[in-house]
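Please read the structure below before turning to the comments.
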Amino acid sequence: MSATTMNAVTAEGLRPRQTRWPAAVWAVLAITLMARSFGFVYPFLSYHLNSLGFSTQVIGRTLAVFGIGWLIGQLLIGWTADRLGKRRTLVTAMTVAACCLPILAQLHAVAAVCTGSLIAGIVYDAPRPVVSALIADLITDDAQRAAVNGWRHGAVNLGAATTGAAGAFLAERLGFQALFWLNSGACAACALIAHHYLDATPALSVASRPTRTRVLLHATMRDGRLWLVSAASISALTCVTSMFTALPMLMEDDGLPAGAYGWTQVANAATVVLLTPFLTPWLSCRCAAERPMIGMLAASTLLLGAGMGSAGLADTTTGYCLAVAAAVPGEIAFFIAASDVLNKISPDNNRGLYAGIWGSTLAIAVIIAPVLAATSLTAGGHRLVALTTLGAGALGAVLCIPLTRLSCRPATITPRGAQQPYRSNRGRAGARHHRRARTAQPDLTYTPRTPASRPDVPSILGRLS
């Protein structure tokens, strides 16, 4: 037992339960908070390009390239974490980010800016899949794991609020290029923390890497539960990201100033900080159950759709703040429930890839949300935006129905070459053949018993007694 982890005995099942978190857990929470608090590049990239004189079309294209890199990065980082080790992957990604972000701030050619944005997008959110896999590996108790994920979500929201407030303040006094350098320094600090506090995990051997990679990829592609939880997460995260995409469009259409949007972000962060200490323990107790929290996942997507959909009915700063605050309980419940489902369906030797695929849902939602909001606002106004946002949340809840049916089977990966059960397409005849095949003929060959193999009388009497 390590000095940072104590085991207690729970009343049910007499299972060892962690009552203190390892130092590595605090390290990944610190990395999450630091990476999100100093993540100035994406939210202020459009302002930086605008200050350089780029057209709106070029800025939109650059942001799209950044989003594509974000999507690729989640899959690539998750896959690499399983192959090369989580600490090595995180340290490498954060080091690349620390090097490329200052270079991106100095670029002026369109092609160079798009290339730099693609690389920056790949490594921008690199901690997300690695941290998800590390939490699943370090915390074995489901309730404790849910508590960690709850505080991790609080760190993400607190960091996002800090990014908006501190970024606007620093940009006015130091310029946008200084934000890129500060983000670079934070990435370097994250790399140092990961190298110091995380344990090195062995990489796959070169001989077994291609074969095992094909087996894991094939099994992952066949896991319908992963794709259903990812599709439900895209629906829920479309509602979450509408807070940063649809909300400014709606408020600008109502003639509200930019400062009013800042107050909605303050309301969101304050509500998250206020409700997290109360909701996280309750949700953690529900995570202790053996079955994944699919019902809570469905309820949270509905709450997100209803909460953010109500923003389409608001027309004042107070109304928008209340709508954002109403969506926070669903937001907290979604991240804890989705993490619980992902942890319980992902195999131990493929957690990084599962976390990477699930982490890419945020990048997809970032692409879908503004398109959906702009189209709805143009076609039907605020009320259509409210209906489409509510529909996105309802779609996520509906996708949880088949997910419930598929979640009954355990998450296992069968290596190639392992014995598979006999399957026949000949109906009852195939079933009878299968039963006959399972009934082996007894071995009637006589083998004389040697004295060494003859059981003694006391052992027989002991069994009878």
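These figures come from a predicted structure and were not determined experimentally. Every heavy atom of this structure was used, including side-chain atoms; hydrogens, water molecules and symmetry mates were not.
- A salt bridge between R145 and D141 is absent, with no side-chain N of the basic residue lying under 4.0 Å from a carboxylate O of the acidic one.
- F180 places a side-chain heavy atom less than 4.5 Å from the side chain of L45.
- Within the 4.5 Å cutoff, side-chain heavy atoms of T264 are placed close to those of M251.
- With S184 contributing its side chain and A98 its backbone, the two residues share a donor-acceptor pair below 3.5 Å.
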Practice prompt. Go through the steps to decide whether V110 and T62 satisfy the test side-chain contact (heavy atoms from CB on, under 4.5 Å), and finish with yes or no.
Written response: CA-CA 8 Å; V110 175; T62 305; 5.7 Å; no
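- To the nearest 0.5 Å, atom CG of residue L372 and atom OG1 of residue T389 are 6.5 Å apart.
- G39 approaches T163 most closely through the heavy-atom pair O-CG2, 3.5 Å.
- With values rounded to the nearest 0.5 angstrom, C190 atom SG is found 9.5 Å from F38 atom CZ.
- Here the closest heavy-atom approach between residue M249 and residue A373 is recorded as SD-CB, 4.2 Å.
- Residues meeting the side-chain contact (heavy atoms from CB on, under 4.5 Å) test with N50, sequence neighbours left out: I59.
- The two atoms that bring C239 and G393 nearest to each other are SG-N, 3.8 Å, heavy atoms only.
- For the pair D340 (side chain) and P292 (backbone), a donor-acceptor distance under 3.5 Å is absent.
- A donor-acceptor contact shorter than 3.5 Å is absent between the side chain of N149 and the backbone of S339.
- At least one donor-acceptor pair under 3.5 Å links the side chain of S300 to the backbone N or O of L297.
- Between V28 and L198 there is a side-chain heavy-atom pair separated by less than 4.5 Å.
- Neither side chain, W151 nor T276, offers a donor N or O lying under 3.5 Å from an acceptor on the other.
- More than 12 heavy-atom neighbours from other residues, nucleotides or ligands sit within 6.0 angstrom of CZ on F54.
- Residues passing the side-chain contact (heavy atoms from CB on, under 4.5 Å) test with S360, sequence neighbours excluded: L71, Q74, L75.
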Practice prompt. Take N268 and E331 through the test side-chain contact (heavy atoms from CB on, under 4.5 Å) and record every step on the way to the result.
Written response: CA-CA 10 Å; N268 173 258; E331 185 181 353; 3.5 Å; yes
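- You'll find the side chain of P22 reaches within 4.5 Å of the side chain of I139, heavy atoms only.
- A donor-acceptor pair is defined here as one N or O able to donate and one able to accept, closer than 3.5 Å; no such pair exists between the side chain of T80 and the backbone of T89.
- Although no hydrogens or angles enter the test, the distance criterion places a donor-acceptor pair under 3.5 Å between the side chain of S284 and the main chain of A147.
- The backbone N or O of W282 sits nowhere less than 3.5 Å from a side-chain atom of R286 that would complete a donor-acceptor pair.
- Side chains of T388 and S376: a donor-acceptor N/O pair is present below 3.5 angstrom, by distance only.
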Worksheet entry | side-chain contact (heavy atoms from CB on, under 4.5 Å) between L49 and H108, intermediate numbers included | CA-CA 9 Å; L49 297 178; H108 292 81; over 6 Å; no
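- Between the CZ atom in F44 and the CG atom in N183 there is a gap of 11.0 Å [rounded to 0.5 Å].
- Between the side chains of Y354 and D223, a donor-acceptor pair is found at a separation under 3.5 Å.
- For T280 (side chain) and P277 (main-chain N/O), no donor-acceptor pair under 3.5 Å exists by modelled atom type.
- In this structure, the side chains of M293 and L283 come closer than 4.5 Å at one or more pairs of heavy atoms.
- The CZ atom of R225 lies 9.0 Å from the OG atom of S346; values are rounded to the nearest 0.5 Å.
- W26 pairs by the ring pair (Phe, Tyr, Trp, His ring centres under 6.0 Å) definition with W21, not counting sequence neighbours.
- Closest of all the heavy-atom pairs between Q106 and P102 is CG-O, 3.3 Å.
- Side-chain atoms of W227 and I357, non-hydrogen and from C-beta on, do get closer than 4.5 Å to each other.
- Of the options V366, I364, V371, a side-chain contact (heavy atoms from CB on, under 4.5 Å) to I368 is made by I364 and by none of the others.
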Discussion item. side-chain contact (heavy atoms from CB on, under 4.5 Å) for R152 and R128? Distances and angles first, verdict last.
Written reply: CA-CA 10 Å; R152 174 192 173 193; R128 179 183 295 269; 3.7 Å; yes
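- In terms of heavy atoms, T95 sits closest to A191 at OG1-CB, 3.9 Å.
- The aromatic ring centres of H153 and F334 sit 6.0 Å or more apart.
- For the pair I336 and I332, the minimum side-chain heavy-atom distance is below 4.5 Å.
- R36 and T162 share no side-chain donor-acceptor pair at under 3.5 Å.
- In this structure, the side chains of I31 and L90 come closer than 4.5 Å at one or more pairs of heavy atoms.
- Separating the OH atom in Y197 from the CG atom in L192 is a distance of 11.0 Å, to the nearest 0.5 Å.
- Between K86 and A133, the shortest heavy-atom contact is CE-CB, 3.4 Å.
- Under the 30°/60° scheme for interplanar angles, the aromatic rings of Y42 and Y124 are found to be tilted.
- Taking CG from L174 and CG from L182, the interatomic distance works out to 7.5 Å, rounded to the nearest 0.5 Å.
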